[in-house]
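What you see below is based on every heavy atom in this structure, not just the backbone, and it leaves out hydrogens, waters and symmetry mates.
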Amino acid sequence: MSGLQPVRGTHDLLPDDMRRFRRVADTCGRAALCFGYQEVATPIFEFTEVFKRTLGDTSDVVTKEMYTFTDKGGETVTLRPEGTAGVARALISGGLSQHLPLKYFYVGPMFRYERPQKGRLRQFHQTGVELLGVKEPAGDVEVIAIGVEFLRRIGAWDRCELELNTLGDAASRQAYRQVLISYLNGFRDQLSKESLERLEKNPLRVLDSKDENDQKIVANAPIYTDYLTPEATAFFAEVKAGLDALGIAYRINPRLVRGLDYYCHTCFEITCPELGAQKTVLAGGRYDGLVGLMGGPETAGVGWASGVERCAMLLAETPRAPRPIAIVPLGEAAEHTATILAGRLRRQDFIVDLGFSGNMGKRMKRANKIDAVAAVILGDDELARGEAGLKLLDSGEQKTVRLDELEAALAAYR
RNA sequence: GCGGGUGUAGCUCAAUUGGUUAGAGCGCCGGAUUGUGAUUCCGGAGGUUGCGGGUUCAAGUCCCGUCACUCGCCCCA
């Protein structure tokens with residue numbers, strides 16, 4: 001075994017894994033395209049401020065998981081830990097608020113310094129969609145519908161569960177915060193260390209605690225929905241009605257809280273239990289305050305991100321590689337013809353594989369190994385007559401074809 | 001960041017209580033077949049047992065450290 005290992009939490013995508021990855025990314029892109037969304041790509045690194053300001057100073061992502069470094073010009077930059085902040089920044093940088101609403105999707109690598117586990121890597125990939133400039137709840141519904149359609153297309157939706165909650169608007173949050181703090185303060189001596197910390201910094205997160213005792217306390221806590229403003233309640237009702245109309249099943253989870261600070265109103269999470277501890281497959285919500293927080297014009301936004309590697313684990317089978325046509329030349333003259341012939345076929349979009357050495361047996365063996373559909377056999381006899389042998393590797397059937405009619409004979413295997 | 005498990009050939013796995021030359025299947029390479037693959041038969045290569053240290057007459061096996069993976073926590077996609 002080689003002593004050379006990839007950096008912890010990173011891995012190579014060799015052809016089989018790569019095809020699974022591609023299937024997920026392409027399927028997501030196609031689903032988004034069907035809703036009128038267009039692909040964008042923002043830089044893999046940004047000024048650290050872009051993430052620090054937006055994700056919230058107390059979030060784990062910012063406090064301990066970012067890959068931050070100083071570049072040679074003395075700038076502090078960060079490998080992006082998520083995609084939304086970059087898109088929001090791009091909207092501001094590019095003056096795109098003139099063109100709202102914006103419907104974008106993206107796919108690319110993200111970086112988080114975490115302890116690796118199955119479904120949790122330090123370099124991982126996310127696909128995501130962002131809908132900017134739409135403040136109506138119909139936007140939330142559409143965005144969720146894209147996610148569901150995407151998961152349906154990769155064959156995972158029927159094994160997943162959609163959980164939904166509302167974080168309300170600023171007024172609701174303010175009111176609830178007070179009530180929750182005073183309730184939790186009554187249990188100060190019983191709460192876990194983590195929860196006590198959160199109580200100071202971000203009390204809503206206490207609701208999310210996995211600590212058994214915390215959960216008991218939280219179970220009797222005042223419910224956020226009771227403190228929502230009428231506007232926030234109406235908004236959430238419309239989102240639910242929209243999902244109902246589309247026949248998208250969901251479960252309300254009043255304790256669902258997003259980790260990143262920029263969310264408001266709708267938040268949701270789609271999980272797939274078979275993945276174990278890292279079972280969140282797609283998650284997001286509304287982030288109306290984000291662009292304003294970054295110094296841009298107040299702009300509504302909703303979106304989600306989905307883990308490509310996690311989704312790839314849900315694929316029932318590995319997509320098959322496209323099958324090439326192998327050219328098997330015999331002798332030097334044939335070798336020359338083979339190169340020319342390969343070029344001719346490739347210009348017409350055939351997938352053509354040329355081995356570079358070996359006798360006929362070896363080349364046929366290789367043709368079989370690369371899963372070729374057919375082998376074009378070029379020997380002196382055939383060449384002299386302007387012909388080639390065409391062997392179909394599945395059936396073993398072999399026939400003679402005129403060289404200038406090869407394209408027609410191969411038409412079924414393009 | 002915390003706790004548990006695992007690490008033997010390219011892959012999946014064997015190897016009595018510590019015991020002599022670390023095995024098998026698959027894969028790979030070669031041959032049977034220098035103009036026919038996938039099937040069959042024969043042969044071959046491939047290992048510092050993750051790495052480093054320790055205990056012992058003797059370590060793949062026990063101990064410590066380290067790295068990686070893995071399960072859970074945490075966090076999240």
Side-chain angles (χ1 to χ4, degrees), chain A residues 1-11 14 16 24 28 55 58-65 80-84 107-128 147 151 192-195 197-198 205 208-212 256-260 268-272 275-284 303-314 326 328-331 334 355 358-383 389-398:
Chain A
M1 195 170 291
S2 162
L4 272 185
Q5 291 177 327
V7 172
R8 180 143 129 115
T10 69
H11 69 209
L14 299 179
D16 282 2
V24 170
C28 181
L55 303 184
T58 61
S59 74
D60 279 28
V61 170
V62 168
T63 54
K64 45 196 177 197
E65 296 175 2
R80 63 182 182 195
E82 59 98 41
T84 302
V107 55
M110 308 291 165
F111 305 84
R112 257 121 101 154
Y113 189 88
E114 297 184 273
R115 177 147 173 180
Q117 229 176 285
K118 188 172 73 167
R120 187 167 76 184
L121 300 163
R122 288 183 175 179
Q123 177 179 338
F124 61 104
H125 297 77
Q126 287 185 338
T127 58
L151 294 174
S192 67
K193 279 197 304 283
E194 294 78 17
S195 290
E197 257 175 57
R198 288 172 173 177
R205 298 272 308 281
D208 215 16
S209 173
K210 300 270 164 56
D211 183 274
E212 220 173 283
L256 178 67
V257 181
R258 303 273 62 233
L260 309 180
F268 57 92
E269 186 166 315
I270 299 179
T271 56
C272 185
L275 292 183
Q278 259 57 53
K279 65 183 179 180
T280 301
V281 130
L282 186 152
W304 51 253
S306 172
V308 178
E309 285 85 355
R310 290 183 189 178
C311 288
M313 290 192 275
L314 297 177
V328 179
L330 302 166
N359 59 23
M360 187 173 195
K362 287 227 181 76
R363 289 175 189 251
M364 289 302 290
K365 211 172 244 186
R366 175 172 158 78
N368 187 66
K369 189 168 178 176
I370 61 175
D371 196 31
V373 248
V376 175
I377 299 165
L378 299 173
D380 294 337
D381 307 348
E382 287 92 340
L383 283 183
L390 176 59
K391 180 161 187 170
L392 305 181
L393 294 183
D394 287 341
S395 63
E397 177 196 348
Q398 184 166 343

Counting any heavy atom closer than 4.0 Å, what does [X] reach on the DNA or RNA strands: base, sugar-phosphate only, or nothing?
X: A/D371; value: nothing
X: A/G119; value: base
X: A/G396; value: base
X: A/A305; value: sugar-phosphate
X: A/L121; value: base
X: A/R366; value: nothing
X: A/L282; value: sugar-phosphate

Measure [atom1]/[X] against [atom2]/[N] and give the value in whole Å, please.
X: A/Q398; N: B/rG35; atom1: CD; atom2: C1'; result: 9 Å
X: A/N368; N: B/rG37; atom1: CG; atom2: P; result: 10 Å
X: A/L275; N: B/rU70; atom1: CG; atom2: P; result: 13 Å
X: A/F111; N: B/rC76; atom1: CZ; atom2: C1'; result: 17 Å
X: A/M364; N: B/rA38; atom1: CE; atom2: P; result: 9 Å
X: A/Q117; N: B/rC76; atom1: CD; atom2: P; result: 14 Å
X: A/D16; N: B/rC11; atom1: CG; atom2: P; result: 15 Å
X: A/D381; N: B/rU36; atom1: CG; atom2: C1'; result: 14 Å

If I pick the [atom1] atom on [M] and the same atom on [N], what distance separates them, to the nearest angstrom?
N: B/rC28; M: B/rC11; atom1: P; result: 14 Å
N: B/rG18; M: B/rC57; atom1: P; result: 16 Å
N: B/rA22; M: B/rG60; atom1: P; result: 10 Å
N: B/rU8; M: B/rA15; atom1: P; result: 14 Å
N: B/rC2; M: B/rG19; atom1: P; result: 36 Å
N: B/rU70; M: B/rG37; atom1: C1'; result: 40 Å
N: B/rA38; M: B/rG4; atom1: C1'; result: 46 Å
N: B/rG23; M: B/rA68; atom1: C1'; result: 26 Å

G-U wobble or Watson-Crick pairing nucleotide for [N] (cut-off 3.5 Å, both distances):
N: B/rG43; answer: B/rC29
N: B/rG60; answer: none
N: B/rU16; answer: none
N: B/rG65; answer: B/rC51
N: B/rC2; answer: B/rG72
N: B/rG35; answer: none

- Message: Taking donor-acceptor contacts at under 3.5 Å, does the side chain of A/E382 reach the base of B/rG35?
- Response: yes
- Query: Given that A/I377 and A/R120 both sit by RNA chain B, which one's nearest nucleotide is further toward the 5' end?
  - Reply: A/I377
Taking only residues two or more places apart in sequence, or in another chain, which ones meet [X] in a side-chain contact (heavy atoms from CB on, under 4.5 Å)?
X: A/C28; result: A/T127, A/F150, A/W304
X: A/D371; result: A/R320, A/R323
X: A/M313; result: A/K118, A/L275, A/R310

- Query: Counting side-chain heavy atoms from CB outward, which of B/rU36, B/rC76, B/rG1 is closest to A/Y113?
  - Reply: B/rG1
- When you get a sec, tell me which of B/rG35, B/rC76, B/rC73 is the closest nucleotide to the side chain of A/R112? B/rC76
Exam field: side chain [X] to backbone [Y], donor-acceptor pair closer than 3.5 Å:
X: A/T271; Y: A/K279; answer: no
X: A/E114; Y: A/P116; answer: no
X: A/R8; Y: A/L121; answer: no

Dump the pairs, protein N or O against N or O of nucleotides 27-33 of chain B, anything under 3.5 Å, distances to one decimal.
residue, atom, partner, partner atom, Å
B/rC28, OP1, A/K369, NZ, 3.2

Qualifying residues under side chain to side chain donor-acceptor pair (under 3.5 Å), relative to [X], sequence neighbours excluded:
X: A/D16; result: A/R19
X: A/E382; result: none
X: A/E309; result: A/H125
X: A/Q117; result: A/R120, A/Q278

- By salt bridge (charged side-chain N to carboxylate O under 4.0 Å, His left out) - contacts of A/R122 (at least two apart): none
- Message: Can you list everything that forms a salt bridge (charged side-chain N to carboxylate O under 4.0 Å, His left out) with A/R363? Sequence neighbours excluded, please.
- Response: A/E335
- Task: Evaluate the side-chain hydrogen bond (donor to acceptor under 3.5 Å, both in side chains) criterion for residues A/E269 and A/T280: first the C-alpha distance (whole Å), next the side-chain angles of each, then the deciding distance (0.1 Å), finally the verdict.
- Result: CA-CA 7 Å; A/E269 186 166 315; A/T280 301; 2.9 Å; yes
- Query: Using a cut-off of 4.0 Å between protein heavy atoms and nucleotide atoms, how would you tag nucleotides 40-46 of chain B 5' to 3' with B, S and -?
  - Reply: -------
- Message: As a quick check of understanding, evaluate side chain to side chain contact (heavy atoms under 4.5 Å, CB included) for A/Q123 and A/M110, giving each step before the final call.
- Response: CA-CA 6 Å; A/Q123 177 179 338; A/M110 308 291 165; over 6 Å; no
- Query: Are A/Q126 and A/V308 close enough, and set up right, to give a side chain to side chain contact (heavy atoms under 4.5 Å, CB included), and what steps lead you there?
  - Reply: CA-CA 5 Å; A/Q126 287 185 338; A/V308 178; 5.6 Å; no
Tabulate atom names and distances for all N/O pairs under 3.5 angstrom spanning the protein and nucleotides 65-69 of chain B.
residue, atom, partner, partner atom, Å
B/rC67, O2', A/Q5, OE1, 3.2
B/rC69, OP1, A/G9, N, 3.2
B/rC69, OP2, A/R8, NH1, 3.3

